[in-house]
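All of these numbers come straight from a predicted model, not from anything done at the bench. Convention: sequence-line order gives letters A, B, ...; per-chain numbering from 1.
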Amino acid sequence: MNGKNDKRPINFIETIIEEDRRKGKNDGRVHTRFPPEPNGYLHIGHAKSICLNFGLAEKYGGLCNLRFDDTNPTKESVEYIESIKHDVRWLGFDWEERLYYASDYFEKMVKYAEQLIREGKAYVDDSTADEIREYRGTLTQPGKESPWRNRSIEENLELFQRMKSGEYPDGSRVLRAKIDMGSSNLNMRDPVMYRILHAAHPRTGKKWCIYPMYDWAHGLEDSIEKITHSICTLEFEDHRPLYDWFLDQLRVFHPRQIEFARLNLTYTVMSKRKLLDLVQSGEVQGWDDPRMPTLSGLRRRGYTPSSIRQFADRIGVAKRDSTVDIALLEYCIREELNAQARRFMAVLRPLKVIITNYPEGRVEKLEAVNNPEDPSAGTRKIPFSREIYIERDDFMQDPPKKFYRLAPGREIRLRYAYFITCEKVIRNEAGEIEALHCTYDPATRGGDAPDNRRVKATLHWVSVPHARNAEVRLYDRLFDVEYPEADKSVSFKAHLNRHSLEVIDQAKLEPALFETGDERVQFERLGYFIRDPDSRPNRPVYNRIITLRDAWARIREKQPPPEERRVQTAGTVRGDSEERMNEITIDDFRKIDLRAGRVVKASLVEGADKLLSLQVDVGEETPRQIFAGIRSAFPEPEVLVGKMVIVAVNLAPRKMRFGVSHGMILAGTGEGRLSLATFSGDAEPGDSVT
RNA sequence: UGGGGCGUCGUCAAGCGGUAAGACACAGGAUUUUGGAUCCUGCAUUCGGAGGUUCGAAUCCUCCCGCCCCAGCCA
């Protein structure tokens, strides 16, 4: 796609292709295909395959077909066919006139099957599915030959003919290849070629009642299309001997199957089954929910095709199982949007600021740069007035050391406008901050101080009378652990990030946003956003594609402000600095809310030698997820299930590599061993412990 | 205890007998009217482990260990 990949080190598939070409195989021709089964929506894992197949064809001056592997009518539909075509096209690939369907070859496949029967290499088996399974043997024991294996060629031909013409019910007979029931490769133990399925096919309707199995069909499809390199995922490696066997027996054009590792991404799941589960259980709002790793989801989220291609290019292709850090995907879209997206100002959680020395009724139009990365994007005018909104997060009454935004008495810059100083905090009866009274320095118009004095922060803002309301949907990662599927004893859904969507319904936008045709924009200091199709003329809806990198957020996490300061207890995972430990006062300690909790689930955390993952019932709706560094004391965590423990419940949730820990278990060390603080008696989960 | 595949930085990933690329992440600094961007700097004396061959091994050999896949009339 981006033609620059010929300089970079090549992957093992390109090595194979180049070797084949050197030897003059297929006259140097390269012809690949992307062969989806139309039984679901495409996701970013498919994008890897699409980019690989189409990319290889392009790199070597070859072709890539789009072929639907529609051999199982019970699971497939035209809806999926259409969505897949749309997604491939959207990704930026063109199959030209080469759109094929396995079902187009059904007639030919039957002819080939009859050829095998005539050569004594296939037979009709009357066994039931259960019998076939039984006779197949196990991983360690060879299979047994079916009693129907040695029928005459004539009888097989006759029976197959009748299977095809619909004389038999579903499941009553199959056509099998006669290979080797003793093979150590299960796929070679007389694999099924055809099964009877009286089902209407999305394309061939009721024409057929027998349908070919993958192993039988796929190689033929590739062969018929004269595919040179048939690229698939690792789990088909075991099938390659069978792929080769069929094509060898038939003496037809023989493509080369090459397997690569499928894509896994942190903080998400990729299997069709699990994605379907999320959709059907209503955890997300559909296949195109912006949190889904589906291409339709990523599209709605605001990812560009080129950013996904860029991602596919960067992750590489190899044979080892791997899970790519989703931060790389995020990096790819930021990189592109940083260069291209125009900047605008929007305030998500407005806090009103009244500039007391600014004349009432006056409005100025201040000039703003549209994209500092791209001078050709030009400038625009932004209205400024006596009352403006700033972000609530940009003000703190009692700021911690590293917070250098607005605070009482402090001066900051309003981007492209003026320096203002906070003079007074206005609170309502409930004591909540309602507005800020500030004064501005007229000499700083545009944002530069003539005396060169400096401010530490520049804030974005929107003029109150000019602000336009909008709905903004803040999306975040779908799961709050890197590997939602790691712990097989817990449903992956237990790790859903409950904050993956936050809807802001009264965000304040600068008016220029209504004049731009740009789909994707940057809201300064917040992130990149895209207009959602749910938008109505007076009610725009924006989706957050991705936040900007946020250095402050990282500082804040490491050094929580005083009011949120957490207390450390035994059982901490890594323990924070001594400095912090020493900061705890008796008052701090009193603030810890200790509750009785019952362990309902306990398991090891893969990849951590000290941690246990616990689900603890503390009397709330759902048990809490708590990670505790007590594995050394409980190498078999199951023994903890049912035990009562003491939990600090009002600690700020702590993000850890494996997930978020909502609380801490009291434990102690002594004599070199660690033990849990527990108790007997009749406390119920949730009871206070003193 | 059958067969197939894979083990190189936190995560991807080059490397194919001549002495460990790159990217993301992370950390530090410069710069900055986005705590953004940009720019520097750092980040595997070591390639799952142990032996062996060799002047020389991540690369070759042997043994061991770990992970993934396979017992659909799914793909």
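In summary, the side chains of Ser306(A) and Glu336(A) do present a donor paired with an acceptor at a separation below 3.5 Å, with no hydrogens or angles considered.
The base-pairing partner of rU32(B), taking Watson-Crick or G-U wobble contacts with both distances under 3.5 Å, does not exist among the strands shown. Using Watson-Crick or G-U wobble geometry with both donor-acceptor distances under 3.5 Å, rA21(B) finds no partner in any strand shown. Across every strand in view, rU59(B) sits unpaired, with no contact that passes the Watson-Crick or G-U test at under 3.5 angstrom. Across all strands shown, rG42(B) is found opposite rC26(B) as a Watson-Crick or G-U wobble partner, with both distances under 3.5 Å. Base pairing of rG7(B): its partner is rC65(B), meeting the Watson-Crick or G-U wobble criterion (both donor-acceptor distances under 3.5 Å). Figure legend. rU53(B) is base-paired to no nucleotide; pairs are counted as Watson-Crick or G-U wobble with both atom distances under 3.5 Å. With a 3.5 Å ceiling on both atom-pair distances, rC47(B) lacks any Watson-Crick or G-U wobble partner. Here rA37(B) sits opposite no nucleotide as a Watson-Crick or G-U wobble pair (both hydrogen-bonding atom distances under 3.5 Å).
Ionic pairing of Arg173(A) and Asp125(A) is not present here: no N-O contact between side-chain nitrogen and carboxylate oxygen is shorter than 4.0 angstrom.
A heavy-atom distance below 4.5 Å is found between the side chains of Asp222(A) and Arg67(A). Using a 4.5 Å heavy-atom threshold, the side chains of Arg525(A) and Leu459(A) count as touching.
The listed nucleotides are rC12(B), rG3(B), rA37(B); the one nearest the side chain of Asp238(A) is rG3(B). Comparing rA37(B), rG2(B), rG5(B) by their nearest atom to the side chain of Asn338(A) picks out rA37(B). Taking every side-chain heavy atom of Ala318(A) into account, rA13(B) is the closest of rU32(B), rC24(B), rA13(B). Distance from the side chain of Asp325(A) is smallest for rG10(B) among the nucleotides rC68(B), rA75(B), rG10(B). For Val192(A), taking side-chain heavy atoms from C-beta onward, the closest of the listed nucleotides rG35(B), rC73(B), rG36(B) is rC73(B). Taking every side-chain heavy atom of Ala327(A) into account, rC24(B) is the closest of rG36(B), rC73(B), rC24(B). In the set rU34(B), rA27(B), rG72(B), the nucleotide with an atom closest to the side chain of Arg554(A) is rA27(B). If you check rU34(B), rC74(B), rG5(B) against the side chain of Lys75(A), the one that comes closest is rC74(B). Listed nucleotides: rA75(B), rC24(B), rG35(B). Nearest to the side chain of Tyr331(A): rC24(B). In this structure, the nucleotide among rC68(B), rU34(B), rA75(B) sitting nearest to the side chain of Asp321(A) is rC68(B).
With RNA chain B read from its 5' end, the first of the two nearest nucleotides for Ala261(A) and Asn371(A) is the one closest to Ala261(A). Take the nearest nucleotide of RNA chain B for Tyr528(A) and for Asp125(A): the residue whose nucleotide is more 5' is Tyr528(A).
Between the CG atom of Leu328(A) and the P atom of rA13(B) there is a distance of 11 Å, given to the nearest Å. Arg262(A) places its CZ atom 15 Å from the C1' atom of rG5(B), with the value rounded to the nearest Å. Distance OH (Tyr267(A)) to C1' (rC24(B)): 14 Å, rounded to an integer number of Å. Remark: P of rU32(B) and CG of Asp448(A) are 12 Å apart, rounded to the nearest angstrom. The separation between Lys401(A) atom NZ and rG35(B) atom P is 20 Å, rounded to whole Å.
The cationic group of Arg349(A) does not satisfy the cation-pi geometry with Tyr389(A), failing either the under 6.0 Å distance to the six-membered ring centre or the 45° limit from the ring axis.
In the interface, the side chain of Glu373(A) is paired with the base of rG36(B) through a donor and an acceptor atom under 3.5 Å apart. Judged by distance alone with a 3.5 Å cut-off, no donor-acceptor contact links the side chain of Arg334(A) to the base of rG36(B). Residue side chain Arg320(A) reaches the base of rU8(B) through a donor-acceptor N/O pair under 3.5 Å, judged by distance alone.
Nucleic acid contact class of Thr233(A) (heavy atoms, under 4.0 Å, all strands): none. If you check every strand for non-hydrogen atoms under 4.0 Å, Gln522(A) touches a base. Across all strands, Ile315(A) comes closer than 4.0 Å only to sugar-phosphate atoms, never to a base (heavy-atom distances).
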- request: Might you work through the salt bridge (Lys or Arg N to Asp or Glu O under 4.0 Å) test for Glu237(A) and Lys319(A), ending with a clear yes or no?
  value: CA-CA 11 Å; Glu237(A) 207 146 16; Lys319(A) 291 194 72 155; 2.4 Å; yes

Take Glu37(A) and Lys75(A) through the test salt bridge (Lys or Arg N to Asp or Glu O under 4.0 Å) and record every step on the way to the result.
CA-CA 9 Å; Glu37(A) 182 192 10; Lys75(A) 293 187 173 172; over 6 Å; no

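As rounded to the nearest Å, rG28(B) and rG36(B) have P atoms that lie 13 Å from one another. Atom P of rU62(B) sits at a distance of 23 Å from the matching atom of rC67(B), rounded to the whole Å.
Close to rA13(B), at under 4.0 Å from its OP1 or OP2, lies no side-chain N or O of Arg314(A). Of the side-chain N and O atoms in Arg136(A), none sit less than 4.0 angstrom from OP1 or OP2 of rC70(B).
Taking the six-membered ring for Trp and thresholds of 30 and 60 degrees, His46(A) and His43(A) have ring planes inclined between 30 and 60 degrees apart.
rA75(B) has no stacking from Tyr214(A) on its base ring, since the centres under 5.5 angstrom apart and planes within 30 degrees of parallel are not both found.
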